[in-house]
Amino acid sequence: MTEYAERLVLGANDTVCAGFVRPKEAAEMTASRTVTNCDQSQGALTMTDSTPTDPRIRVGIVGLTPERSWSAQTHVPALRALPAYDVVGVANSSPESSRAAAEALDVPKAFADARRLADDPELDLVAVTVKVPHHREPVDAALDARKMVYCEWPLGTDLADAEAMAKHARDAGVRTAIGLQARSAPTIRYVRDLVRDGYVGDVLSTTLIGSISTMGATEPQANVYLNDRANGANGLTIPFGHTIDALCWVLGEFREVSATTAIRRPTYVVTETQEVRTRDVDDQIAVSGVLTNGIVVSAHYRGGRSRATNLLWEINGTEGDLQVTAPVGHAQLAELTLHGGRGEDKALSLMEIPAKYRTVPPELTGPAVTVAEAYARFAEGPSSPDPLPDFDEAVRRHRLLDAIEHSAATGERVTLR
């Protein structure tokens with residue numbers, strides 16, 4: 001794994017994207033800007049724009065640190081590779097931080113806070129890329145301003161938090177999206193079509209094994225917050241949550257689940273300081289269940305990384321088998337490999353992903369590809385035949401994770417609504 005991918009695996013906890021319909025021919029237009037002044041009272045660098053009728057989707061990003069943040073590594077290059085979007089604003093935790101990010105990344109406006117960003121009439125969409133415990137404030141600000149909002153996954157720190165934001169969006173009548181971008185990965189989309197087209201026949205069962213990457217014996221300082229249950233960002237919600245969402249999108253939703261979770265490494269060492277800290281999130285997640293269509297599911301995610309299998313997803317049917325593998329257990333950011341076999345085949349063979357499943361420019365690489373694919377799909381608008389998941393869909397996924405936690409805590413098999 002490259003150093004770049006290593007940093008993303010260790011630090012990727014959120015992901016965002018968004019958009020709405022603009023005329024395709026007009027989306028090719030570009031804008032020319034110059035900084036005119038910095039108004040501290042308004043909290044933004046104000047700009048002149050030579051194309052005030054520019055039809056692109058104007059995006060403001062909440063949480064953007066040059067070079068090291070997930071949004072800087074993936075969302076900025078993804079948005080700038082797509083002609084339908086224009087990154088026009090940033091809001092960080094302080095005016096100084098916002099201004100530094102805007103200058104470093106050539107973003108026209110720097111806002112003092114997320115609410116001022118959301119209130120700007122020259123923004124169409126707010127992308128929330130801060131850590132999970134801080135999602136609520138910028139999401140609510142965007143919804144209050146009647147701006148479209150794309151929030152990274154998980155939506156909230158828990159089910160109740162997610163439900164509150166989804167209700168706010170419904171009440172506001174605002175279009176939303178949640179960053180479950182594994183659904184937009186070309187390999188996952190191809191697998192879905194193969195299953196629908198009968199490649200494996202009737203699906204009998206599916207097996208998922210993955211490594212969390214974090215939750216091992218050591219953690220970098222940047223990932224300490226992933227080991228605190230109150231933050232809502234951990235192995236269950238992030239790598240498992242993203243990947244189980246892809247499984248459900250391809251095969252169907254859960255009817256019932258039974259789960260066992262455990263903390264097998266109760267302490268860990270902070271790499272930079274050698275401090276020994278206590279972990280209060282599960283590093284072993286074992287789930288069995290049945291989907292609404294009768295498909296039997298077995299899934300196990302474990303802390304750290306394995307010298308053997310880090311992502312293995314098999315789909316077994318009456319006529320064939322499919323297998324997705326990757327070097328890390330994050331389907332939303334990993335380079336996925338697909339094998340398949342059917343009929344008289346004696347073994348699985350490597351399957352190439354047809355070119356039509358990748359719709360974004362070839363210069364994009366790594367996790368930015370799936371982020372860009374998600375942005376591109378969202379830009380198709382609410383009438384798209386295959387829309388991105390919204391906040392209500394995020395609540396559905398939060399509800400599954402809540403059922404898993406309840407089953408693990410009580411020993412009961414949980415039936416989902």
Side-chain angles (χ1 to χ4, degrees), residues 1 5 9 180-211 213 239-254 287-302 305-360 362 364-367 369-374 376-377 385-386 389:
M1 188 185 307
V9 168
L180 287 166
Q181 77 272 19
R183 300 186 185 198
S184 297
T187 301
I188 299 297
R189 298 179 65 76
Y190 183 39
V191 168
R192 190 190 196 207
D193 284 350
L194 286 171
V195 170
R196 288 184 167 188
D197 293 343
Y199 180 90
V200 301
D202 293 331
V203 180
L204 302 172
S205 66
T206 188
T207 303
L208 175 64
I209 300 173
S211 295
S213 296
F240 180 85
H242 275 286
T243 308
I244 205 71
D245 177 73
L247 183 153
C248 291
W249 186 68
V250 170
L251 298 178
E253 294 296 329
F254 276 83
V287 177
S288 64
V290 180
L291 304 185
T292 55
N293 50 22
I295 296 171
V296 176
V297 180
S298 176
H300 180 203
Y301 260 62
R302 59 276 177 101
R305 293 184 185 170
S306 172
R307 295 173 183 83
T309 303
N310 284 299
L311 180 64
L312 170 67
W313 176 24
E314 290 191 356
I315 300 172
N316 309 113
T318 56
E319 304 296 330
D321 304 282
L322 291 167
Q323 181 190 79
V324 177
T325 57
V328 293
H330 295 245
Q332 79 281 11
L333 58 82
E335 293 286 345
L336 304 174
T337 300
L338 176 65
H339 288 81
R342 61 183 305 203
E344 299 302 315
D345 295 339
K346 301 300 183 183
L348 299 178
S349 300
L350 179 66
M351 301 180 71
E352 296 295 329
I353 310 304
K356 69 178 182 179
Y357 287 94
R358 175 167 174 145
T359 67
V360 301
L364 285 172
T365 60
V369 172
T370 52
V371 173
E373 291 285 359
R377 289 174 59 204
D386 189 17

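At least one side-chain heavy atom of Thr337 sits under 4.5 Å from a side-chain heavy atom of His339. In this structure, Leu291 and Val297 have side chains that are in contact, with non-hydrogen atoms separated by less than 4.5 Å. At a threshold of 4.5 Å between non-hydrogen side-chain atoms, the residues Asn310 and Pro327 do not count as touching. By the 4.5 Å heavy-atom criterion applied to side chains, Leu336 and Ile353 are not counted as neighbours. A heavy-atom distance below 4.5 Å is not found between the side chains of Val200 and Leu194.
Here the shortest heavy-atom pairing between Leu180 and Pro389 reads CB-CG, 4.1 Å. Of all the heavy atoms in Gly289 and Phe254, the pair that sits closest is CA-CE2, 4.1 Å. The two residues Leu364 and Ala372 make their nearest non-hydrogen contact at CD1-CB, 3.5 Å. Nearest approach of Trp313 to Ala246, heavy atoms of both residues: CH2-O, 4.0 Å. Scanning both residues, Leu251 and Asn293, for their nearest heavy atoms gives O-ND2, 2.8 Å. Residues Gly341 and Tyr199 share a closest heavy-atom pair of N-OH, 3.1 Å.
The side-chain contact (heavy atoms from CB on, under 4.5 Å) check on Glu253 picks up Cys248, Glu393, Arg396, Arg397, with sequence neighbours excluded. Residues satisfying the side-chain contact (heavy atoms from CB on, under 4.5 Å) test with Leu204, not counting sequence neighbours, are Thr318. Checked against side-chain contact (heavy atoms from CB on, under 4.5 Å), Thr243 has the following partners two or more places apart in sequence or in another chain: Leu208, Tyr301, Leu311, Ala331.
Going from atom CZ of Arg302 over to atom CZ of Phe240 covers 13.0 Å, rounded to the nearest 0.5 Å. For the atom pair CD (Glu314) and OG (Ser298), the distance works out to 11.0 Å, reported to the nearest 0.5 Å. One finds the OG atom of Ser306 at 11.0 Å from the CG atom of Leu312 (value rounded to the nearest 0.5 Å). Atoms CD1 and OG1, from Ile209 and Thr309 in turn, are 6.0 Å apart once rounded to the nearest 0.5 Å. Separating the CG atom in Asp321 from the OG1 atom in Thr206 is a distance of 10.5 Å, to the nearest 0.5 Å. Here the CD-CG distance, from Glu319 to Asp345, works out to 12.0 Å after rounding to the nearest 0.5 Å.
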- Could you please spell out the steps behind the side chain to side chain contact (heavy atoms under 4.5 Å, CB included) verdict for Val250 and Ile188? CA-CA 8 Å; Val250 170; Ile188 299 297; 4.0 Å; yes
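Each of Arg189, Gln332, Arg377 was scored for a side-chain hydrogen bond (donor to acceptor under 3.5 Å, both in side chains) with Ser184, with one residue passing: Arg377. The one candidate from Arg358, Gln181, Arg183 that meets the side chain to side chain contact (heavy atoms under 4.5 Å, CB included) condition with Glu373 is Arg358.
Looking at Arg192 and Asp386, a side-chain N of the basic residue comes within less than 4.0 Å of a carboxylate O on the acidic one, giving a salt bridge.
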